[in-house]
A.B. asks: 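Here it is, the structure, as structure tokens.
Read the numbers this way: they start at 1 and go in the same order the structure lists the ligands and their atoms.
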Amino acid sequence: MVTTHNLGFPRIGARRELKFAQEAFWKGRINEEDLQITGADLRRRHWQNQRPLDRVPVGDFSFYDQILDMSVTLGNLPERVNDTKGSELDRYFRVARGRSGQESACCGVQAGEMTKWFDTNYHYIVPEFHQNTRFRLNGNRLIDQIDEARAQGLTPKPVIIGPVTYLWLGKAKDDSDRLLLLESLLPVYSELLELLADRGVEWVQVDEPALVTDLDADWRHAFSLAYHHLKTSTPKLLVTTYFGELRENLQLACELPVAGLHLDAISAPQEVPRVVDWLPPHKQLSLGVINGRNIWRSDLEKTLDWLEPVYEKLGNRLWLAPSCSLIHVPVDLTSEDKLDPEIRSWLAFAVQKLDELKTLATALSNGRAAVREQLAESTVAVNSRATSEQVHSASVQARLADVSPALGQRQSRFPDRIAIQQRKLGLPRFPTTTIGSFPQTRDIRQTRLQFRKGELTEPQYNARIREEVRRCIVEQEALGLDVLVHGEAERNDMVEYFGEQLDGYAFSQFGWVQSYGSRCVKPPILFGDISRPKAMTVEWIRYAQSLTKKPLKGMLTGPVTILNWSFVRDDQPRRETCLQLALAIREEVLDLEASGARIIQIDEAALREGLPLRQADWKNYLDWAIESFRISANGVRDETQIHTHMCYSEFNDIIEAIARMDADVITIETSRSDMELLDAFRGFHYPNDIGPGVYDIHSPNIPDSEQIRSLMIKAAERIPAERLWVNPDCGLKTRQWEEVRPALKGMVAAARELRESIQ
Ligand SMILES: CN1c2c(nc(N)[nH]c2=O)NC[C@@H]1CNc1ccc(C(=O)N[C@@H](CCC(=O)N[C@@H](CCC(=O)N[C@@H](CCC(=O)O)C(=O)O)C(=O)O)C(=O)O)cc1
Ligand SMILES: N[C@@H](CCS)C(=O)O
Ligand SMILES: [Zn+2]
């Protein structure tokens with residue numbers, strides 16, 4: 001028999017119940033007990049969804065983030081929250097979200113840093129370490145949930161982050177070597193495993209995705225050291241890797257003294273035969289055979305073609321699972337009744353993926369005939385998608401065949417262009433601007449909801465949004481900003497909004513995926529060749545510009561970011577899909593220019609985010625990513641100023657690629673790094689204009705003009721003053737007007753002062 005299991009289930013709930021409960025708790029509308037009830041209810045429903053599996057994950061549920069949960073389990077919360085009052089949950093949320101001085105009776109607490117989880121769009125709270133960090137076990141959460149699952153008649157398989165990946169994911173705040181903490185960390189892991197053994201746990205899933213990254217000798221050695229230390233017969237350990245190939249770490253992973261290994265057979269299919277050959281005969285091999293990162297139905301017959309011989313070799317040693325945790329896909333396709341039926345037949349969300357898993361396991365254990373119907377359905381869906389006229393467009397293919405480097409070439413070099421732009425725009429030195437979005441208020445979201453429900457007609461909806469745009473312009477004029485934006489009130493999300501308007505995209509009603517904490521995204525589904533039936537943003541920008549004499553930036557999301565934050569097709573290389581998106585955005589850029597836009601910003605928030613996990617793969621990615629950006633942006637006249645924006649700004653290692661984008665102005669996140677991130681631009685002699693962020697929009701803290709001025713002085717020590725812009729780190733959509741107004745007021749005052757003081 002083949003054992004089936006799951007690495008993790010989406011915790012937000014099919015209707016984002018967790019999000020609404022979290023936010024109600026934070027606002028004081030429900031108490032801790034209510035929140036706990038919602039949590040228990042979600043866990044129960046999700047285990048119910050996984051009931052057909054042989055083992056269900058326990059510990060994958062979280063009230064904010066699973067890495068923060070692990071920090072709690074290991075007694076490693078930052079010192080600054082330990083002496084604050086309140087319950088354990090209060091302290092937990094304080095690390096997750098921080099607390100402003102205004103909010104609490106005494107002083108504010110800084111939130112833990114958040115960063116993206118490998119190459120996904122999920123973000124975790126970075127564990128903090130110091131040279132003298134000491135760990136202390138707190139196994140209550142896991143133990144309680146193990147009991148909970150058992151009481152529901154299930155076989156629990158606790159999920160924990162492994163010790164090496166835990167250290168690897170964290171940051172030593174005092175710059176000490178965090179690997180030195182392994183020695184004091186391992187006894188706490190041993191204690192945890194003993195606790196689980198006492199509870200009768202047979203298998204523990206120990207996630208070690210750091211094994212798919214470039215590791216130096218010390219980190220590789222840490223793996224051997226750790227697992228020799230943790231060697232136990234009960235519980236058995238399943239070291240779990242996902243998101244990529246093991247490559248040079250393959251032998252290391254196979255030889256760890258544990259009872260099982262999970263390999264992501266979707267991202268590393270070519271490694272399966274080697275692992276099957278190398279894995280010692282006493283070990284179980286779990287293969288991730290269903291893609292946990294996309295929403296396509298699997299080709300089950302094709303999977304069985306390669307899986308059956310593996311089963312013949314391994315027999316009962318073979319386990320099957322999705323490739324990674326399913327938190328990266330939406331919960332359930334069942335309620336998507338508005339999707340085109342043909343497209344819907346190609347899709348599988350978390351619940352459907354687990355059905356597929358069960359079908360594969362039954363086919364292996366009992367023969368394909370036992371699941372004839374399910375296999376036939378899968379084949380019909382796969383064939384329908386491969387041949388559908390909805391997917392393939394001859395005209396898009398023809399345009400793609402005509403793509404040449406000339407499309408990505410500006411007419412003149414930057415020094416000539418910028419001189420023309422400065423004459424046309426007449427901006428002061430240290431021009432002030434924002435990144436695009438202004439607060440997405442409850443009113444705006446309610447308006448959109450009413451429109452979706454049919455309670456508002458399209459003209460009524462548009463009128464309300466126009467009013468929001470007008471208000472936003474009035475606010476910016478009053479603040480005295482130099483380059484205005486329309487505020488993005490009409491957008492649900494910077495990627496979904498464009499997906500909804502492009503041919504080749506489908507979108508779900510409930511296909512939410514957690515991005516961080518209570519924040520979710522609904523990635524649009526890119527299923528076919530991409531084209532732009534009509535202009536997407538021109539009317540809004542034209543309207544906004546009609547309300548002001550100041551230059552107004554057209555606002556677009558770039559092709560690489562749209563690609564990286566969508567569910568994309570897997571039947572052609574990502575480069576081709578990206579180029580199709582680039583051609584569509586290029587048309588929009590040219591339409592904006594023709595309608596009078598003098599400045600156009602093309603956000604590439606996810607360009608750096610999309611870097612492959614392995615450095616050896618970076619060049620190929622950057623080549624097509626930069627090519628795509630250039631094609632989208634560079635068809636404009638010299639006098640049209642192109643801006644781009646990236647929110648995460650560790651640019652040292654890709655600065656040459658950033659320069660190749662050749663945007664006239666780049667705005668980046670720098671405020672938290674005290675402008676040190678600009679060193680990359682200085683070192684490289686980055687030639688174009690830069691707007692280093694001076695307002696950390698992720699924090700509720702409101703900077704005053706003096707703080708902003710001192711940040712800009714630091715910036716001017718690194719970049720010539722005439723090439724500097726003054727702006728926040730990122731868009732303001734998650735902030736409140738009460739925070740934004742004083743922060744921007746301070747920013748404008750600082751810029752005015754700088755014009756006087758820096759010559
Ligand atoms: C910059 N970031 C983004 C990433 N990925 C994206 N695809 N987009 C991004 O902007 N990745 C990295 C970061 C992650 N950061 C964020 C920041 C903020 C959010 C966020 O706020 N998400 C919203 C959902 C946004 C949305 O689509 N809203 C819709 C639906 C609104 C809604 O829920 N309506 C309610 C009723 C209204 C109400 O009462 O408030 C309903 O339908 O029930 C819209 O605006 O129309 C979130 O709430 O989670 C995400 C990632
Ligand atoms: N223009 C977008 C970029 C976010 S990365 C915004 O301002 O929200
Ligand atoms: Zn941003």
A.B. asks: So which protein heavy atom does atom 5 (S) of ligand 2 come closest to, and at what separation?
C.D. replies: C647 SG, 3.3 Å

A.B. asks: Going by the atom numbers of ligand 1, which of them fall below 4.0 Å from some non-hydrogen atom of K733?
C.D. replies: 9 (C), 10 (O)

A.B. asks: Touching ligand 1 at all, E496? Heavy atoms, strictly under 4.0 Å?
C.D. replies: yes

A.B. asks: May I ask you to list the atoms of ligand 1 that are less than 4.0 angstrom from any heavy atom of L449?
C.D. replies: 36 (C), 41 (C), 42 (O)

A.B. asks: Within less than 4.0 angstrom of ligand 1, does S518 place any heavy atom?
C.D. replies: yes

A.B. asks: With heavy-atom distances below 4.0 Å as the criterion, list the atoms of ligand 1 near R519.
C.D. replies: 18 (C), 19 (C), 20 (C), 21 (O), 49 (O), 50 (C)

A.B. asks: Among T557, N492, D493, which residue places a heavy atom closest to atom 26 (C) of ligand 1?
C.D. replies: N492

A.B. asks: May I ask you to identify the nearest protein heavy atom to atom 4 (C) of ligand 2, giving residue, atom name and distance to one decimal place in Å?
C.D. replies: M494 SD, 3.5 Å

A.B. asks: Apply side chain to side chain donor-acceptor pair (under 3.5 Å) to the pair R97 and Q22, showing each step before the final yes or no.
C.D. replies: CA-CA 12 Å; R97 313 177 58 232; Q22 285 165 312; over 6 Å; no

A.B. asks: Just need the protein heavy atom nearest to atom 41 (C) of ligand 1, so name the residue and atom and give the distance.
C.D. replies: R16 NH2, 3.7 Å

A.B. asks: Would you please indicate if the ring centroids of F438 and W737 are separated by under 6.0 Å?
C.D. replies: yes

A.B. asks: Please write down residue, atom name and distance for the protein heavy atom closest to atom 8 (O) of ligand 2.
C.D. replies: S437 OG, 2.7 Å

A.B. asks: I want to confirm something. Looking only at heavy atoms, which of Q446, M114, R448 is nearest to atom 46 (O) of ligand 1?
C.D. replies: R448

A.B. asks: Side chain or backbone, does C520 bring an N or O within less than 3.5 Å of an N or O on ligand 1?
C.D. replies: yes

A.B. asks: Is the closest heavy atom of E609 to ligand 1 under 4.0 Å?
C.D. replies: no

A.B. asks: Is K19 near ligand 1, meaning one of its heavy atoms is under 4.0 Å from it?
C.D. replies: yes

A.B. asks: Any nitrogen or oxygen of N121 lying under 3.5 Å from a nitrogen or oxygen in ligand 1? Just yes or no.
C.D. replies: yes

A.B. asks: In the protein, which heavy atom is nearest to atom 3 (C) of ligand 2, and how far is it?
C.D. replies: D603 OD2, 3.3 Å

A.B. asks: Does H123 reach ligand 1 with a nitrogen or oxygen that is under 3.5 Å from one of the ligand's nitrogen or oxygen atoms?
C.D. replies: no

A.B. asks: Can you pull out the closest protein heavy atom to atom 42 (O) of ligand 1? Residue, atom name and distance to 0.1 Å, please.
C.D. replies: R452 NH2, 2.8 Å

